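Here the structure comes first, spelled out in structure tokens, and everything after it is commentary.
This structure is a prediction, so every number in the text was calculated from the model and none was measured. One-based numbering along the sequence shown. Counting starts at 1 for both ligands and their atoms, following the listed order. All values below come from the heavy atoms of this structure, side chains included, with hydrogens, waters and symmetry mates left out.
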Amino acid sequence: MARVISGKELSARLKDEMKMQVASFPEKYGRVPHLVVILVGEDPGSVSYVTGKAKASEYVGIRNTTIRKPDTFTEAELLELIGELNADESVDGILVQLPLPKHIDEDKVIAAISKEKDVDGFHPLNVAALWQKQDCILPCTPKGIIKMLDSAGVDIKGKRAVVIGRSNIVGLPVAKMLLDRNATVTIAHSRTADLPSVTRNAEILVVAIGRPKFVTADMVSDGTVVIDVGVNRNPETGKLCGDVDYEAIEPKASVITPVPGGVGPMTICCLMENTIECFLRKMEKNPF
Ligand code: NAP
């Protein structure tokens with residue numbers, strides 16, 4: 001039976017620590033950190049993510065401003081809004097909720113956010129800094145995954161890690177962060193030949209695909225550490241589920257993360273941490 005890493009519990013503990021830290025800021029710095037979240041359109045998934053971010057901010061004591069715009073909002077208007085927020089000294093973090101409506105170029109928008117306020121860690125300069133082992137804002141989901149492994153006492157060094165998925169948001173950065181912790185990393189994707197033979201070789205398996213129950217028990221060796229990043233709806237029950245067949249794999253794994261209550265809460269927790277980091281760097285004149 002696997003040890004289950006509860007992202008819910010770990011993130012609750014970390015948020016309590018941040019809450020205490022933030023409570024000391026008004027006296028020290030004259031104000032609390034300020035996160036601005038922009039949502040364009042009405043996508044229900046995005047609305048719920050943005051609400052979760054506002055709730056977490058409120059809990060930790062971070063000032064949150066959520067700006068909601070209709071999906072008729074143009075790219076030029078969005079870029080102008082970001083420009084204003086970049087120049088606003090009272091704003092420490094800017095997050096544009098993805099995905100954006102099709103008429104808006106996401107890459108252009110991400111690149112427009114000031115690197116110092118890029119709490120998501122998606123700006124090309126932050127990405128480049130991560131790959132060059134320079135000081136940077138780490139992307140929230142991969143950062144949360146590493147924290148979960150550390151909290152479970154998983155020694156990453158020297159392990160064979162397999163990451164399924166090579167997106168800019170999850171797969172690639174988590175692979176790089178595992179590499180930086182001296183794992184030997186294989187990145188698998190939709191063109192990987194004989195995926196089960198690759199995943200069976202993993203001591204740490206990170207799955208970020210977006211397909212319910214894609215990873216089956218025969219793809220995982222006994223004792224593997226399994227991190228499930230996927231967020232899907234089970235087609236039969238309509239309930240949230242991950243990319244791995246949890247019931248079948250949990251008895252084989254040494255450590256596993258559940259969905260929901262695993263990587264998801266850690267992502268929001270790391271967003272809070274990144275906002276505090278951006279704030280402190282500004283206050284202490286120690287830019288990235
Ligand atoms: P994405 O951009 O769609 O990338 C999916 C990756 O999976 C791609 O690299 C793709 O390979 C690979 N893939 C697809 N089908 C495959 C197959 N049959 N075999 C092997 N690889 C396959 O998705 P993403 O943004 O990385 O997100 C992945 C999942 O994580 C989604 O469910 C998303 O909702 C979830 N997510 C969760 C959090 C969280 O906080 N919990 C945060 C972000 C994302 P190719 O590159 O070859 O196309």
| remark: The atoms of ligand 1 lying under 4.0 Å from a heavy atom of Gly264, numbered in the order shown, are 40 (O), 41 (N)
| query | Hey, does Gly171 sit under 4.0 Å from ligand 1 if you only count heavy atoms? | reply | no
| said: Heavy atoms only: which of Ile268, Val170, Asn168, Val174 lies closest to atom 27 (O) of ligand 1? | reply: Val170
| query | Any donor and acceptor pair, going by atom type alone, linking the side chain of His123 with main-chain N or O of Ala111 inside 3.5 Å? | reply | yes
| task | Just jot down the ligand 1 atoms closer than 4.0 angstrom to any heavy atom of Thr267, in number order. | result | 39 (C), 40 (O)
| task | Please name the pair of heavy atoms, one in Lys252 and one in Ala248, separated by the smallest distance, quoted to 0.1 Å. | result | CG-O, 4.3 Å
| message | Side chains of Thr224 and Asp222 only: does a donor on one sit below 3.5 Å from an acceptor on the other? | response | no
| field | Spacing of CG belonging to Leu85 relative to CG belonging to Leu95, to within rounding of 0.5 Å | value | 11.5 Å
| message | Just to be sure I'm reading this right: ignoring hydrogens, which of Thr257, Ile169, Ile209 gets closest to atom 3 (O) of ligand 1? Compare them by their nearest heavy atoms. | response | Ile209
| said: What verdict does the salt bridge (charged side-chain N to carboxylate O under 4.0 Å, His left out) test give for Glu58 and Lys53, after you've listed the backbone C-alpha separation in whole Å, the side-chain angles of each residue and the deciding distance to 0.1 Å? | reply: CA-CA 9 Å; Glu58 195 189 339; Lys53 286 163 188 174; over 6 Å; no
| said: Under a 3.5 Å distance rule, please check whether Arg68 uses its side chain to pair with a backbone N or O of Ile38 as donor and acceptor. | reply: no
| For Ser167, the ligand 1 atoms whose distance to one of its heavy atoms is below 4.0 Å | 2 (O), 4 (O), 24 (P), 25 (O), 26 (O)
| remark: When Val109, Val96, Leu98, Ile137 are each screened for side chain to side chain contact (heavy atoms under 4.5 Å, CB included) with Phe122, the one that passes is Leu98
| remark: For atom 19 (N) of ligand 1, the closest protein heavy atom turns out to be Phe214 CZ, 3.5 Å
| Counting heavy atoms only, which of Ser190, Pro142, Pro139 is nearest atom 10 (C) of ligand 1? | Ser190
| request: Within a distance under 4.0 Å of any heavy atom of Thr141, pick out the atoms of ligand 1 and give their elements. | output: 40 (O), 42 (C)
| field | Per-atom contacts of ligand 1 with Gly165, taking only distances under 4.0 Å to non-hydrogen atoms | value | 6 (C), 7 (O), 9 (O)
| Donor-acceptor pair, Asn234 side chain versus Leu240 backbone, under 3.5 Å? | no
| said: Tell me the protein heavy atom at minimum distance from atom 35 (C) of ligand 1, and give that distance in Å. | reply: Val229 O, 3.5 Å
| Which atoms of ligand 1 are found less than 4.0 Å from any heavy atom of Ile164? | 20 (C), 21 (N)
| task | Go through the steps for Lys108 and Glu75 under the test salt bridge (charged side-chain N to carboxylate O under 4.0 Å, His left out), then give the verdict. | result | CA-CA 9 Å; Lys108 229 178 183 176; Glu75 184 180 285; 2.8 Å; yes
| query | Which residue holds the protein heavy atom closest to atom 9 (O) of ligand 1, what is that atom called, and what is the gap in Å? | reply | Arg166 N, 2.8 Å
| note | of all protein heavy atoms, closest to atom 33 (C) of ligand 1 is Val231 N, 4.3 Å
| Can you tell me which residue and heavy atom of the protein come closest to atom 29 (C) of ligand 1, and the distance to 0.1 Å? | Gly210 N, 3.7 Å
| task | May I ask you to decide if Thr74's main-chain N or O and Glu77's side chain share a donor-acceptor pair within less than 3.5 Å? | result | yes
| Does Asp243, backbone or side chain, put an N or O under 3.5 Å from an N or O of ligand 1? | no
| query | Salt bridge between Asp92 and Lys282, side-chain N to carboxylate O under 4.0 Å? | reply | yes
| said: Could you check whether any heavy atom of Met266 sits closer than 4.0 Å to an atom of ligand 1, since that is the contact criterion I want to use? | reply: no
